[in-house]
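Throughout, numbering of the chain's residues begins at 1 and tracks the sequence.
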Amino acid sequence: VLEVRLVGGRVHEEDGFLLHEMHGAADRIALDVHVEDVHENGNADRAALEERGFDSLWVAEHSHIPVPRRTPPPGGGELAKRYYDVMDPFVTLAAAAAVTKTLKLATGICLVIQRDTIQTAKSVASLDQVSGGRLLFGIGGGWNAEEIESHGTVFKTRMQKMREQMEAMKEIWTKSTASYDGAIVKVPPMMTWPKPVQKPHPPIILGGAFPYAARRAIRYGDGWFPNA
């Protein structure tokens, strides 16, 4: 099941698909989805995105939703099912990579502050390898305090942790022997392969609201995803 979340641009329907056109130098079409479960046509659906001219597929992430919780959902109201019924983005995108050739594959967004730094760097490099260099690494600091704290991350300092994680990952992706010594993130001298196909690494797209996410994108990213 692909639950579509559309932001901005022009939307029209074609053969049952909602198309979100993001206008730029060339009209590019991106689909931002929460992938909830697998059905028999799952791979065919992903291949159809490429056939219909989509430029990229963006998939969201939530590990779980604690019960009870104190954090209201974005926009208020009831918490939508897509927040607690969503597949792991790296698994989803690897499946999409297997049945496409040109479709860009994007995390929209990956909650890196809930993930191990070294293992996430490995997942990113591995997915960039199996996709032939098509990964866009969208990241964000999240909003659900209870979910974030379940992973051992301090909510108030999560943005500092995210910056340090990305600085550490860049070391891992670009150096034979990498290390990082931040205030929160520590990576002792280490070696790991594969390295990403894209050099020096896949584009890092910061998700979040203006102006803070845009400032983070300028500081350590390659782009800004304003609705994450």
Minimum heavy-atom distance [X]-[Y], with the two atoms named:
{"X": "P89", "Y": "R115", "result": "CD-NH2, 3.9 Å"}
{"X": "K195", "Y": "W173", "result": "CD-O, 3.3 Å"}
{"X": "V112", "Y": "F137", "result": "CG1-CZ, 3.6 Å"}
{"X": "M190", "Y": "T192", "result": "CE-CG2, 3.3 Å"}
{"X": "K161", "Y": "V185", "result": "O-CG2, 3.9 Å"}
{"X": "H201", "Y": "D222", "result": "CE1-OD2, 3.5 Å"}

Roughly how far, to the nearest 0.5 Å, is the [atom2] atom of [Y] from the [atom1] atom of [X]?
{"X": "E50", "Y": "D55", "atom1": "CD", "atom2": "CG", "value": "10.5 Å"}
{"X": "I218", "Y": "W224", "atom1": "CD1", "atom2": "CH2", "value": "9.5 Å"}
{"X": "L135", "Y": "Q129", "atom1": "CG", "atom2": "CD", "value": "11.5 Å"}
{"X": "R158", "Y": "I184", "atom1": "CZ", "atom2": "CD1", "value": "11.5 Å"}
{"X": "L103", "Y": "S56", "atom1": "CG", "atom2": "OG", "value": "7.0 Å"}
{"X": "R215", "Y": "M159", "atom1": "CZ", "atom2": "CE", "value": "13.0 Å"}

TODO: Would you mind checking if K122 and D116 are paired as a salt bridge, meaning a charged N to carboxylate O distance below 4.0 Å?
DONE: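 Salt bridge: no.
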Open item on the list: Salt bridge check, D128 against R134: does any charged N sit closer than 4.0 Å to a carboxylate O?
Closed with: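 The answer is no: the pair does not qualify as a salt bridge.
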- [ ] Measure the acute angle between the ring planes of W143 and Y83, then classify it against the limits of 30° and 60° as parallel, tilted or perpendicular.
- [x]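 Because their plane-to-plane angle is over 60°, the rings of W143 and Y83 count as perpendicular.
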TODO: Would you check, one step at a time, whether the test side-chain contact (heavy atoms from CB on, under 4.5 Å) holds for M166 with R216?
DONE: CA-CA 11 Å; M166 297 318 304; R216 295 183 192 109; over 6 Å; no
TODO: Compare all side-chain heavy atoms of F90 with those of S126 and state whether any distance is below 4.5 angstrom.
DONE: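 Result no, sub-4.5 Å side-chain heavy-atom pair not found.
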TODO: For the residue pair P200 and K170, establish whether any side-chain heavy-atom pair is separated by less than 4.5 Å.
DONE: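 P200 vs K170: side chains apart.
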TODO: Show your working on side-chain contact (heavy atoms from CB on, under 4.5 Å) between I109 and E61 and close with a plain yes or no.
DONE: CA-CA 6 Å; I109 47 81; E61 174 173 45; over 6 Å; no
Give the cluster check for [X] versus [Y]: same hydrophobic cluster or not, with ILVMFWY residues linked at side-chain heavy-atom distances below 4.5 Å.
{"X": "F54", "Y": "L57", "result": "yes"}
{"X": "V59", "Y": "L206", "result": "yes"}
{"X": "M169", "Y": "V187", "result": "no"}
{"X": "I148", "Y": "I139", "result": "yes"}
{"X": "I172", "Y": "V197", "result": "no"}

Task: Derivation and outcome, side-chain contact (heavy atoms from CB on, under 4.5 Å), residues E147 and L111 - done: CA-CA 10 Å; E147 177 186 1; L111 294 168; 3.8 Å; yes
Open item on the list: Take a 6.0 Å sphere around NZ of K175 and say whether it holds more than 12 heavy atoms from other residues, nucleotides or ligands.
Closed with: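 Incorrect, the count does not exceed 12.
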Task: Over 12 foreign heavy atoms within 6.0 Å of NZ, K156 - done: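 It does not: K156 NZ has 12 such atoms or fewer within range.
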Any donor-acceptor N or O pair under 3.5 Å, side chains [X], [Y]:
{"X": "T71", "Y": "E146", "answer": "yes"}
{"X": "E167", "Y": "Y180", "answer": "yes"}
{"X": "S179", "Y": "E171", "answer": "no"}

Do the side chain of [X] and the main chain of [Y] share a donor and acceptor less than 3.5 angstrom apart?
{"X": "T153", "Y": "E149", "result": "no"}
{"X": "T177", "Y": "M191", "result": "no"}
{"X": "E164", "Y": "A183", "result": "yes"}

Task: Residues R69, L79; criterion side-chain contact (heavy atoms from CB on, under 4.5 Å); working and verdict - done: CA-CA 11 Å; R69 58 185 175 79; L79 187 70; 3.2 Å; yes
